[in-house]
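Below, each value reflects all heavy atoms present in this structure, side chains not excepted, and no hydrogens, waters or symmetry copies.
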Amino acid sequence: MNDPPFPDTAPHGPGIDDCPPVAACVRAPADAFARWPATSWICGSSSATREKWFDATLCVDATVPGWCRYALAGDGVRPIAAAVLTPPGPRLPISGSSPSSACPSGH
């Protein structure tokens, strides 16, 4: 209960955001996969390149019908985990698709 005479002062655990923006979700996988061989092979050691890679990946995922994205925010601000769920189905056609035009966050 969050009533002005009785403010909610209890500490709260991590919160789940069921519609986080792409920009909020990029850093969690970029940090989590920093030392994976495939990510290092694609992005090198650059954190900025990893963030751009996951930004593009999350934007493309957002073009799949039925997709959903979740973030777990440990401190209420920066996500400590992110998940993108896409339903099974046929692959999207490559021609004519552009991650920058499909991304709901506009980048």
Side-chain angles (χ1 to χ4, degrees):
M1 178 163 101
N2 196 3
D3 196 347
F6 304 102
D8 183 2
T9 58
H12 295 282
I16 296 176
D17 184 350
D18 63 354
C19 191
V22 169
C25 293
V26 166
R27 197 168 182 189
D31 290 347
F33 291 100
R35 295 183 185 206
W36 280 45
T39 308
S40 297
W41 178 70
I42 294 166
C43 303
S45 61
S46 169
S47 62
T49 303
R50 275 193 316 277
E51 288 181 12
K52 288 178 184 176
W53 171 264
F54 283 103
D55 179 70
T57 301
L58 292 172
C59 286
V60 169
D61 287 340
T63 66
V64 177
W67 72 277
C68 56
R69 183 171 43 241
Y70 297 94
L72 176 65
D75 58 6
V77 179
R78 180 179 170 218
I80 57 175
V84 176
L85 307 172
T86 56
R91 294 183 180 263
L92 293 175
I94 300 298
S95 63
S97 295
S98 169
S100 60
S101 64
C103 187
S105 65
H107 57 286

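For Thr86, the side-chain contact (heavy atoms from CB on, under 4.5 Å) criterion is met by Asp61, Val64, Trp67, Val84, not counting sequence neighbours. Among residues two or more places apart in sequence or in another chain, the side-chain contact (heavy atoms from CB on, under 4.5 Å) test is passed with Pro20 by Asp17, Cys25, Arg69, Ala71. With sequence neighbours excluded, the residues that form a side-chain contact (heavy atoms from CB on, under 4.5 Å) with Leu85 are Cys68, Tyr70.
Shown here for Ala82 and Pro29, the closest heavy-atom pair between the two residues is CB-CD, 4.3 Å.
Among residues at least two apart or in separate chains, side-chain hydrogen bond (donor to acceptor under 3.5 Å, both in side chains) pairs with a member in residues 42-51 are Ser46-Thr49.
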